[in-house]
S.K.: 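Sharing a structure, written as structure tokens. Questions coming.
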Amino acid sequence: MLPFRKMCLLLLLVSFQASAQFKTDSTEYYLLNFSVPDMPAFKALGTDPSNVLRPSDIQKFALSLSPFYSNGQGVIPRNFAVEFSPGKLASKNWTLEDYGKRRFWYNSSFSIGAIVDSGNVSSRLAVGYRFSIVRKRDDLLLNAARRKEVFIAQQQEQLALREFKNNWIIIVHKEIPPAERAQYGKDHDAEFWDFAENKAEEYLKENPDTALQASYDAFKKGYDKDKKKYYTAVDSLIEKFKSEHWNTSRLDGAIAWVGQSRDSLIKNAGFASFNTWVTWALGIGKSSQLLLGGSFSLPRSEFKDTTAINATVNVRYYLGTASFRGFAETQFKYQNYDGFEKSLLFNFGTEFRVSKSIWIVAEAGIDNYLKEKDPFSAFIASINLRYGFNQVMK
């Protein structure tokens, strides 16, 4: 049983309930940023040696530029792609109940990519669509136990805040009549926060008070003075979920259409290929993830007289953390286009976050072309920059 005084304070929390419900029942509060996923429109252009579609949390908006490194030297990127999720952009005012009804739309995105070649084909344009399916236990928005932890932590911190504010009124401003205290707290909220941030410690040194000191100590546990932000325990729970679930199991699928033109005019673009991908990401422990991917494409010859099937199978293994990880990969490619060809890629690389929204992906390896006559191997390397906006929209 709670002490009578705390039970009374809990009743006073009714006035805070609207903000609590918004905080814990809004999809905006649970945005993730594990990494910027591969974009199908970018993959379809064929600029990456690896054709695996990297699963990850769908971003509201993402940008990819490549390559920054090619043929042993730094270059100005000529290839780019943008991705956006209409469902996520429209979810600013969604509740968790809304998400439960529309989660497929929330976890879908569209992408557009372009490349300017220096060969016979001057430019290519790709349009892609992707979706991501996550198990309920690994989906923060559907994980009832985690959301309950968040709500309980928030209630506890609200209780500490309310108790400290009440003591501030009762002890520091004891001249205020009991009947006017509630209104005084509302009218002097800015004064209370100034006291909490700048004057409380000095006041308590000069005017020691056990009740005020205890409530101030409880308040400090939930307040980050540098960030001017309350609910630090709530933020910690969500950050903990992010750090533990970057390698969560999920299934991603995508399709993309590619058009090509001998000039830069979109109206002259003709069908070049149709591409599909499926990748299953399997979480292993807390620091590893295994990707099993496959893709098919229907490219059209330069003279538009044949359409053949290309296929790839990928296995990639990640080891690392939510912000930094390395990977090793092998890929087998069957290409029945411009001559029969098989290739086997051995690839190594890393993904790391350089800021809240920017990732760099660097990779290098050997691509072995298994021709029946004159097989050969080629060294490949690339550095890509990815930006993903997946933050609360004001």
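All heavy atoms count here, side chains included; hydrogens, waters and symmetry mates do not. This one's a predicted model, so the numbers in the text were calculated from it and none came from an experiment.
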S.K.: Test: side chain to side chain donor-acceptor pair (under 3.5 Å). Region: residues 200-210. Which pairs qualify, not counting sequence neighbours?
M.R.: Glu201-Tyr216

S.K.: Surrounding CZ of Phe296 (heavy atoms of other residues, nucleotides or ligands, distance under 6.0 Å), is the total greater than 12?
M.R.: no

S.K.: Do Ser273 and Ser297 get their side chains close enough for a donor-acceptor pair, meaning under 3.5 Å?
M.R.: no

S.K.: Can we say Glu351 and Arg386 salt-bridge, meaning some charged N sits less than 4.0 Å from an Asp/Glu carboxylate O?
M.R.: no

S.K.: In terms of relative ring orientation, are His188 and Tyr184 parallel, tilted or perpendicular, with 30° and 60° separating the classes?
M.R.: parallel

S.K.: Between Phe42 and Phe80, does the ring centre distance come in under 6.0 Å?
M.R.: no

S.K.: Please name the residue in the list Ser377, Ser343, Pro375 that meets the side-chain contact (heavy atoms from CB on, under 4.5 Å) test with Tyr369.
M.R.: Ser343

S.K.: With ring centroids as reference points, do Phe274 and Trp257 lie under 6.0 angstrom apart?
M.R.: no

S.K.: To check you understand the geometry: which heavy-atom pair defines the closest contact between Gly365 and Asn347, and what is its length?
M.R.: N-OD1, 3.7 Å

S.K.: Ile176 and Phe164: same hydrophobic cluster, using ILVMFWY side-chain contacts below 4.5 Å?
M.R.: yes

S.K.: Short question: side chain of Ser215, backbone of Leu212 - any donor-acceptor pair under 3.5 Å?
M.R.: yes

S.K.: Quick check with a 6.0 Å cut-off and a 45 degree axis cone: is Lys342 positioned over the face of Tyr334's six-membered ring?
M.R.: no

S.K.: Mind checking whether Phe327 and Phe348 have ring centres under 6.0 Å apart?
M.R.: no

S.K.: For the side chain of Lys43 and the backbone of Val52, is there at least one donor-acceptor N/O pair under 3.5 Å apart?
M.R.: yes

S.K.: What do you reckon, are the aromatic ring centroids of Phe219 and Trp193 less than 6.0 Å apart?
M.R.: yes

S.K.: Answer yes or no: is there an ion pair linking Lys165 with Asp189, defined by an N-O contact shorter than 4.0 Å?
M.R.: yes

S.K.: Does Arg130 make a cation-pi contact with Phe110 (under 6.0 Å, within 45 degrees of the axis)?
M.R.: no

S.K.: For Asn167 and Glu163, test the side chains for any donor-to-acceptor distance below 3.5 angstrom and give the result as yes or no.
M.R.: no

S.K.: So, for Ala126 and Ala44, which heavy atoms are closest and what is the spacing to 0.1 Å?
M.R.: CB-CB, 4.3 Å

